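Source: prediction; values computed, not measured. Values reported hereafter were calculated over all heavy atoms of this structure, with side chains retained and with hydrogens, waters and symmetry mates removed.
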Amino acid sequence: MGGISIKTVQTKAEPVQHIAVEVKPLTDEDLTAYWKEAAETLGLQELLAEGVPHLGEKSGVIEIDAQSVTFHEDFKPHKIDVMEFLRGKTGMKMLDCKVNQLFVSKEEVTYSPDDKYKAMVEKNPHLAELRKLFPNIDY
């Protein structure tokens, strides 16, 4: 009966050597330069021109201010490539990003039934006459 026994296979593990890599502090100027370089290298000039990167409040997080409504969705498929490029340039392996939407969505206004009726009468004055014919119908 031949086989491998746990007792017979013993190897000494080599000690793991940690390599210290010096990481210089990231500045907004460096980040902007790396962002432009990433755009050229990855062929994303048009897309990355719609986002403005800056250092976030949290360490290791960059924030990208979206200049268009679609930037967030268009950036998603390219985020990994861009972040890997920036991590390689900065030496910060845990670097992450957050997209801030700067555009303001339209404010929703709630109108009362009277406001709606007045707006409809302005568009079609015959509605007032119709309401006089059918007073019991709620508008």
Side-chain angles (χ1 to χ4, degrees):
M1 238 205 286
I4 297 177
S5 169
I6 294 175
K7 293 179 183 177
T8 60
V9 180
Q10 291 182 354
T11 59
K12 275 193 163 184
E14 293 292 323
V16 178
Q17 293 184 3
H18 296 283
I19 300 171
V21 177
E22 186 176 327
V23 177
K24 76 174 197 170
L26 184 62
T27 63
D28 278 324
E29 293 81 23
D30 291 338
L31 180 60
T32 303
Y34 295 149
W35 186 259
K36 289 179 182 177
E37 189 177 341
E40 292 172 9
T41 304
L42 301 173
L44 300 172
Q45 294 93 337
E46 190 174 318
L47 173 65
L48 296 188
E50 295 178 13
V52 179
H54 59 88
L55 297 175
E57 292 179 13
K58 294 182 181 178
S59 179
V61 176
I62 61 171
E63 294 184 6
I64 304 166
D65 295 336
Q67 301 294 325
S68 72
V69 178
T70 61
F71 177 79
H72 186 63
E73 290 300 317
D74 293 343
F75 182 66
K76 278 182 184 179
H78 304 288
K79 178 180 176 180
I80 294 172
D81 296 331
V82 172
M83 292 311 299
E84 284 301 317
F85 182 88
L86 293 176
R87 288 178 188 131
K89 285 292 184 179
T90 62
M92 301 171 72
K93 300 297 178 196
M94 299 302 290
L95 189 66
D96 198 11
C97 74
K98 174 185 170 191
V99 177
N100 298 327
Q101 298 177 345
L102 295 182
F103 50 88
V104 179
S105 61
K106 292 183 180 178
E107 187 177 319
E108 292 185 22
V109 179
T110 306
Y111 294 102
S112 69
D114 288 332
D115 294 335
K116 291 177 187 177
Y117 175 72
K118 288 176 186 175
M120 289 189 303
V121 168
E122 284 178 19
K123 288 185 179 181
N124 188 354
H126 297 293
L127 185 62
E129 294 173 24
L130 191 60
R131 185 165 186 222
K132 289 177 187 174
L133 289 173
F134 302 102
N136 294 334
I137 295 177
D138 189 20
Y139 56 91

When every non-hydrogen atom of Met92 is compared with those of Gly60, the smallest separation belongs to CE-CA, 4.1 Å
Taking all heavy atoms of Glu37 and all of Phe85, pick out the closest pair and write down the distance. CG-CZ, 3.7 Å
Pairwise distance OG1(Thr90) to CG(Leu31) - rounded to 0.5 angstrom: 9.0 Å
Rounded to the nearest 0.5 Å, what separation is found between the OG1 atom of Thr41 and the NZ atom of Lys36? 14.0 Å
In Å, rounded to the nearest 0.5 Å, how long is the span from CG of Leu42 to CG of Leu47? 10.5 Å
Below 4.5 Å, heavy atoms only, C-beta onward: do Cys97 and Phe75 meet side chain to side chain? yes
Using a 4.5 Å cut-off on heavy atoms from C-beta on, say whether the side chain of Val99 contacts that of Glu73. no
Check: Asp96 and Lys98 side chains under 4.5 Å, non-hydrogen atoms: no
Yes or no on side-chain contact (heavy atoms from CB on, under 4.5 Å) for Lys79 and Lys76, after CA distance, side-chain angles and deciding distance? CA-CA 5 Å; Lys79 178 180 176 180; Lys76 278 182 184 179; 5.7 Å; no
Which atoms form the tightest heavy-atom contact between Trp35 and Gly51, and what is the distance? NE1-O, 3.3 Å
Shared hydrophobic cluster for Ile64 and Leu44 (ILVMFWY, side-chain gaps under 4.5 Å): yes
Tell me the closest heavy-atom pair linking Ala66 and Phe71, and the distance in Å. CB-CD2, 3.7 Å
Let me confirm one number: the CD1-CZ distance from Ile80 to Arg87, rounded to the nearest 0.5 Å. 8.5 Å
Is the closest side-chain heavy-atom distance between Tyr117 and Leu127 below 4.5 Å? yes
Working to the nearest 0.5 angstrom, can you tell me the gap between His72 NE2 and Asn100 CG? 10.5 Å
Can you tell me how far CG of Asp30 sits from NZ of Lys89, rounded to the nearest 0.5 angstrom? 11.5 Å
